[in-house]
Amino acid sequence: MKTTAVIMAGGKGERFWPKSRTNYPKQFLSLTADGETMIQKTVRRLAPLVAQEDIYIVTNAAYLDLIAEQLPELPAENVIAEPCARNTAPCIGLAAAVIEKKYGEAVMFVLPSDHLIHAEEIYIDTLRKAAQAAQQGNNLVTLGITPNYPETGYGYIRYVRGSGKDGVYAVERFVEKPDLQKAQEYLADGGYLWNSGMFIWKTESILKNIRQHMPDLYEGLQPIVQAYGTADFDAVLKDNFCKLPAESIDFGIMEKAEDIYTIPGNFGWDDVGSWLALERINETDEDGNMLSGDVINVDSKNCTVCGGARMVAVLGLEDVVVVDTPDAVLVCDKNSTQDIKKVLASLRAHGREELL
């Protein structure tokens, strides 16, 4: 059975403003010292499992040039350009239908484009195990992450302990992002995993579930899929895609389907969700500072400072993020990094779209 991968690369990465912008979002940035961008890392580490010609990117139409620039070896026909954002269920459904039309039944890895994996060999072994599980019946498999602190920014997966066979466990339910008390309870319980947003299934399995649980989506995809491979595809996609229901795959399918399984992952996963991630994925100095670019630090501790074309000096700061770009500077308390979208909302309210 053909093994394929679908990489979702349409996000705006707003919590990485001002580096991440509408026309150059996070997945196309290099956030580590090696200079490799997030989407380049995602494609590269799949090499042991998936041939280059079997990797598909679903992205916003505005990012086609960035994809071509950063992934020149990827076949152009493997890039599906969404004319508008409709959340993950239409994205995944379209990709699954296109792959099945092209190959017949295939195993399909569904992966975000902007996650970091430290232990790549363990990650690949986990994906192999997930692919084997996905080929059994109509199993839908997700990778959960074993939590090591009470995170409130992730959804959780409650799995059935004792149900595991070869490290694959039945899922009891998906849980929304908790408050701190609940997150602490989940951590202490030991039966919860972070929902990584990584999925593995056969194309037939996910399309069967979309037909059952999201019939409007399934029917709406048909004219697009029928046009795939013809000269009319782009026009049909543009005419029909934005009419599809905007729904997440978690809510539309995973919370309703049967035969849901998870594999606890311990491969050094980080979703790089905010500026705080930089101190986790890069080296820090003896005072806990993550400094990049032309930065002078005097008596500052536990700060993340990203310099740009000009020198940035920080003096006597603690637990602060500073990001310098040519047209905007961000200075914020570390506890406020999840609220950067409020800055963007204020920019929109003041008509400063050129900074978004």
Side-chain angles (χ1 to χ4, degrees), residues 7-9 11-21 24-47 70-71 111-127 143-155 193-198 264-295 297 300-308 312 314 317-325 330-340:
I7 298 172
M8 299 180 290
K12 295 181 180 180
E14 291 183 330
R15 284 179 292 180
F16 269 85
W17 186 88
K19 287 278 191 183
S20 181
R21 303 292 179 95
Y24 209 102
K26 179 181 69 166
Q27 58 269 30
F28 301 108
L29 297 177
S30 172
L31 299 174
T32 51
D34 58 16
E36 199 174 28
T37 68
M38 303 300 287
I39 194 168
Q40 287 172 335
K41 288 181 182 294
T42 303
V43 170
R44 174 191 51 75
R45 61 178 170 251
L46 283 171
Q70 296 197 4
L71 300 170
L111 308 168
S113 59
D114 53 1
H115 291 182
L116 191 69
I117 306 294
H118 291 287
E120 294 188 0
E121 290 186 7
I122 297 174
Y123 171 72
I124 292 300
D125 287 344
T126 305
L127 285 179
L143 300 190
I145 306 299
T146 304
N148 52 14
Y149 64 92
E151 173 62 58
T152 60
Y154 302 149
L193 304 169
W194 291 333
N195 185 356
S196 72
M198 294 185 278
N266 295 283
F267 37 73
W269 172 85
D270 198 307
D271 78 335
V272 197
S274 75
W275 286 111
L276 291 185
L278 293 196
E279 65 188 37
R280 297 194 299 265
I281 65 178
N282 293 290
E283 291 186 7
T284 57
D285 65 19
E286 62 274 14
D287 292 316
N289 299 299
M290 200 299 297
L291 309 175
S292 66
D294 190 3
V295 177
N297 169 44
S300 294
K301 297 180 180 180
N302 301 318
C303 291
T304 293
V305 185
C306 297
V312 175
V314 289
L317 299 179
E318 189 167 354
D319 296 324
V320 169
V321 173
V322 180
V323 182
D324 180 48
T325 69
L330 170 71
V331 181
C332 75
D333 185 276
K334 280 188 174 182
N335 291 326
S336 299
T337 55
Q338 295 290 342
D339 295 327
I340 287 177

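All figures in this text were calculated on a predicted structure; none of them were measured in a lab. Worth knowing before you read on, the calculation uses all heavy atoms, side chains too, and leaves out hydrogens, waters and symmetry mates.
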What are the two closest non-hydrogen atoms of [X] and [Y], and how far apart are they?
X    : Y    : result
P112 : H115 : CG-CE1, 3.3 Å
C332 : T337 : SG-CG2, 3.9 Å
T284 : G288 : CB-C, 4.0 Å
M38  : L116 : CE-N, 4.3 Å
P25  : G13  : CB-N, 4.5 Å
L330 : P18  : CB-CD, 3.6 Å

Measure the shortest side-chain to side-chain distance between [X] and [Y] over non-hydrogen atoms and say whether it is less than 4.5 angstrom.
X    : Y    : answer
L111 : L46  : yes
C306 : M290 : yes
D271 : W194 : no
S20  : L29  : yes
K26  : L31  : yes
V320 : V314 : no
R21  : T325 : yes

Report the C-alpha separation of I117 and W269 in whole Å, then their side-chain angles, then the decisive distance to 0.1 Å, and conclude whether the side-chain contact (heavy atoms from CB on, under 4.5 Å) test is met.
CA-CA 5 Å; I117 306 294; W269 172 85; 3.8 Å; yes
With a 4.0 Å cut-off, would you call E120 and K41 a salt bridge?
no
Got a salt bridge between E279 and K334, using NZ or NE/NH1/NH2 to carboxylate O under 4.0 Å?
yes
Inter-residue atom distance L143.CG - N266.CG, 0.5 Å rounding:
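CG of N266 is found 11.0 Å from CG of L143.
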To the nearest 0.5 Å, tell me how far L71 CG sits from T37 OG1.
6.5 Å
Considering residues at least two apart in sequence or located in another chain, which fulfil the side-chain hydrogen bond (donor to acceptor under 3.5 Å, both in side chains) criterion with S300?
N297
Which residues satisfy the side-chain hydrogen bond (donor to acceptor under 3.5 Å, both in side chains) test with R15, sequence neighbours excluded?
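Partners of R15 by the side-chain hydrogen bond (donor to acceptor under 3.5 Å, both in side chains) criterion, ordered by chain and then number, come out as Q338.
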Might you work through the side-chain contact (heavy atoms from CB on, under 4.5 Å) test for T146 and L193, ending with a clear yes or no?
CA-CA 5 Å; T146 304; L193 304 169; 4.0 Å; yes
Apply salt bridge (charged side-chain N to carboxylate O under 4.0 Å, His left out) to D294 and list each qualifying residue two or more places apart in sequence or on a separate chain.
none
Verdict with supporting geometry, V43 and I7, side-chain contact (heavy atoms from CB on, under 4.5 Å):
CA-CA 8 Å; V43 170; I7 298 172; 3.5 Å; yes
Could you pull out all residues at least two apart from N195 that satisfy side-chain contact (heavy atoms from CB on, under 4.5 Å)?
T142, I157, F174, D250
A47: what forms a side-chain contact (heavy atoms from CB on, under 4.5 Å) with it, not counting sequence neighbours?
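Applying side-chain contact (heavy atoms from CB on, under 4.5 Å) to A47 gives none.
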Considering residues at least two apart in sequence or located in another chain, which fulfil the ring-ring contact (aromatic ring centres under 6.0 Å, His included) criterion with F267?
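Result, ring-ring contact (aromatic ring centres under 6.0 Å, His included) vs F267: Y123.
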